[in-house]
Amino acid sequence: MTNAYKIAVLAGDAIGPEIMTQAVRVFDLLNQHRDLAFELLPAPFGASAYFSHGKSFPEETKAICDSADAILKGPVGLSYEESKKIPVEEQAERGAILPLRARYQTFANFRPIHLSKDMIQFSPLKASVIPEGVDILLIRELVGGLYFGKKDKGINAEGKRYVHETLEYTEDQIMQVVRVGFEQAKKRKHRLHNIHKSNVLMSSVLWNEVLEEVHTEYPEVEVIHLLVDAAATALCLNPGQFDVMVMENMFGDILSDQAGGILGSLGLMPSACIGPNKAYYEPSHGSAPDIAGKNIANPYSMIGSVAMMLEMSFGLNQEASYVWSAMKAVFEAGYTTADLDSGMEGSSPVSTTQFGDLVMEHLEMLLTEA
Ligand code: NAD
Ligand code: IPM
Ligand code: MN
């Protein structure tokens with residue numbers, strides 16, 4: 001029997017449509033070579049949706065996402081200057097991404113930080129620091145904390161402008177995400193780094209309390225508590241110590257971009273945002289307005305997000321591993337994208353489209369050999 005899946009496709013802004021065009025080719029190949037029927041449902045989302053529909057997360061897009069089995073989202077947002085053309089509340093981040101996360105309560109954000117041994121030349125770190133490559137799973141809480149806490153701004157009694165932004169968590173919110181951390185640690189190296197700031201923040205004190213309670217259910221997992229500032233340094237000096245890391249929303253936002261740095265580019269950062277009934281998949285990076293329209297963006301993060309969807313939403317583990325192998329094969333054959341290029345004389349990075357072509361060629365080979 002053919003398995004049919006509906007995928008909402010939110011291409012997004014700037015480089016979004018360029019990398020999305022390559023990523024959805026994976027579904028075409030699977031439809032051709034497997035007994036699968038992926039139906040793609042494109043929908044407007046982000047700044048481009050604001051300009052065409054007056055809303056960055058239009059009602060019709062909500063309905064399409066509600067009806068989909070999974071959502072594939074490209075990066076959204078504009079440059080600092082361009083953003084000013086849109087009212088603050090409708091800008092893609094506040095108007096589209098955060099409401100999408102809230103709508104499906106996608107509390108567990110999986111951000112794999114992976115660089116295989118034969119790709120370590122892409123990292124700015126010395127080979128001696130990452131002799132085995134990098135393999136970390138960063139789990140970021142995605143629907144709480146400062147992003148979703150109470151906010152307020154105004155003029156105080158002294159006539160000065162003020163703003164309040166609140167870092168809020170309940171024990172249930174903490175419990176559900178740290179549990180994901182323990183489950184992943186159990187499947188991997190039985191080591192969980194808890195990233196916190198309990199020397200200052202009360203939210204971290206509660207976070208750590210709850211984490212230690214949950215730990216009693218996972219005695220086989222070793223927990224290492226590390227302050228977030230120290231974790232930032234450790235990620236540069238010795239990333240090999242990390243396997244699974246779990247942390248609150250804002251810490252995860254910042255450390256995951258730093259992690260993209262140790263890989264050599266944010267273009268190598270796919271992600272999965274998992275909720276109780278729905279998941280969506282997106283690159284960890286933004287819409288890269290600085291390189292939009294040039295066909296030079298690295299589509300690895302977007303294609304990798306499809307691989308994560310195949311595995312995590314549909315249990316298509318073999319197909320997912322073929323997608324990873326196909327991308328690895330392209331790098332192993334000596335190709336690079338502009339963001340990873342050494343700039344050495346004679347090097348010539350491939351375009352977004354060419355990278356897509358090469359990956360699909362390998363993927364088709366793997367799908368037809370099997
Ligand atoms: P960014 O992540 O878009 O770009 C940072 C740097 O990384 C840039 O130099 C960019 O060229 C490079 N880069 C990112 N992805 C790349 C890729 N696939 N290939 C090659 N190079 C890549 O961050 P920014 O410039 O601070 O933000 C731009 C916009 O994106 C902002 O509006 C921001 O709010 C938004 N944003 C959206 C998301 C999302 O949709 N989830 C995530 C982060 C930022
Ligand atoms: C990310 C992005 C988003 C975040 C923004 C664009 C809302 O930076 O997904 O990392 O801060 O979560
Ligand atoms: Mn971010």
Side-chain angles (χ1 to χ4, degrees), residues 10-23 45-50 56-57 71-86 88-102 106-111 113 122 124 138-148 165 247-261 263-273 280-305 327 336-341 349-353 355-356:
L10 319 178
D13 303 316
I15 64 164
E18 299 174 45
I19 58 177
M20 183 63 88
T21 302
Q22 300 311 316
F45 190 76
S48 52
Y50 175 77
S56 55
F57 191 7
I71 301 163
L72 187 65
K73 178 196 151 292
V76 297
L78 300 176
S79 67
Y80 185 78
E81 285 307 320
E82 288 292 307
S83 284
K84 291 183 182 160
K85 296 181 180 161
I86 303 181
V88 169
E89 291 314 311
E90 275 303 321
Q91 287 169 3
E93 298 79 358
R94 285 184 207 83
I97 305 180
L98 298 188
L100 176 71
R101 291 175 183 169
T106 52
F107 66 92
N109 183 199
F110 287 62
R111 297 196 155 179
I113 305 157
F122 295 145
L138 186 155
I139 297 171
R140 167 188 179 194
E141 200 290 326
L142 202 59
V143 294
L146 269 175
Y147 280 55
F148 291 93
E165 218 140 36
M247 64 201 77
E248 70 89 38
N249 202 342
M250 182 88 178
F251 296 165
D253 179 43
I254 296 169
L255 284 193
S256 62
D257 262 33
Q258 185 183 340
L263 298 187
S265 170
L266 284 172
L268 296 178
M269 292 283 294
S271 93
C273 311
Y280 88 88
Y281 299 82
E282 65 173 351
S284 293
H285 59 72
S287 60
D290 54 337
I291 57 164
K294 298 182 177 163
N295 197 24
I296 57 169
N298 187 350
Y300 180 102
S301 54
M302 196 74 243
I303 300 173
S305 299
M327 290 205 285
T336 54
T337 44
D339 52 328
L340 298 170
D341 186 44
V350 295
S351 68
T352 309
T353 319
F355 187 85

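Read the numbers this way: they start at 1 and go in the same order the structure lists the ligands and their atoms.
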Quick one, [X] and [Y] - any side-chain contact, counting heavy atoms below 4.5 Å?
X	Y	result
Pro283	Pro270	no
Tyr281	Lys73	no
Phe148	Leu98	yes
Met20	Met302	yes

Looking at [Y], is its backbone amide N or carbonyl O close enough to the side chain of [X] to form a donor-acceptor pair, meaning the two atoms are under 3.5 Å apart?
X	Y	answer
Glu93	Gly95	no
Gln258	Gly261	no
Ser56	Glu90	yes
Thr337	Asn298	no

_So if I only count non-hydrogen atoms and take anything under 4.0 Å from ligand 1, which residues does that give, chain by chain?_
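Under the 4.0 Å cut-off, ligand 1 touches Ile15, Lys73, Pro75, Val76, Gly77, Leu78, Glu93, Ile97, Leu266, Gly267, Glu282, Ser284, His285, Gly286, Ser287, Ala288, Pro289, Asp290, Ile291, Ala297, Asn298, Asp339.
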
Distance dump, ligand 2 polar atoms to protein, N/O, under 3.5 Å:
residue  : atom   : partner : partner atom : Å
ligand 2 : 8 (O)  : Asp253  : OD1          : 3.2
ligand 2 : 9 (O)  : Arg101  : NH2          : 2.8
ligand 2 : 9 (O)  : Arg111  : NH2          : 2.9
ligand 2 : 10 (O) : Arg111  : NH1          : 3.1
ligand 2 : 10 (O) : Arg111  : NH2          : 3.2
ligand 2 : 10 (O) : Arg140  : NH1          : 3.3
ligand 2 : 10 (O) : Asp253  : OD1          : 2.9
ligand 2 : 11 (O) : Tyr147  : OH           : 2.6
ligand 2 : 11 (O) : Asp253  : OD1          : 3.4
ligand 2 : 12 (O) : Arg101  : NH1          : 2.7
ligand 2 : 12 (O) : Arg140  : NH1          : 3.2
ligand 2 : 12 (O) : Arg140  : NH2          : 2.7

_Checking side-chain polar atoms at under 3.5 Å, does Asn295 have a donor or acceptor matched by the opposite partner on Thr353?_
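There is such a pair between these side chains.
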
*May I ask you to check whether Ser284 and Arg111 show a side-chain donor-acceptor distance below 3.5 Å?*
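Their side chains do contain a donor-acceptor pair, which is all the 3.5 Å distance test asks for.
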
*CG/Asn109 to CD1/Ile139 distance, rounded to the nearest 0.5 angstrom?*
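CD1 of Ile139 is found 9.5 Å from CG of Asn109.
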
_For the Mn ion (ligand 3), which protein N/O/S atoms fall under 2.8 Å? Skip waters._
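The answer, once waters are left aside, is Asp253 OD1.
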
*asked:* Could you tell me if Arg140 sits above the aromatic ring of Tyr147, with its cationic atom closer than 6.0 Å to the ring centre and no more than 45 degrees from the axis?
replied: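 Output yes; distance and angle both within limits.
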
*Tell me, please, which residues at least two apart from Asp339 pass salt bridge (Lys or Arg N to Asp or Glu O under 4.0 Å).*
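If we apply the salt bridge (Lys or Arg N to Asp or Glu O under 4.0 Å) test to Asp339, skipping adjacent residues, there are no hits.
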
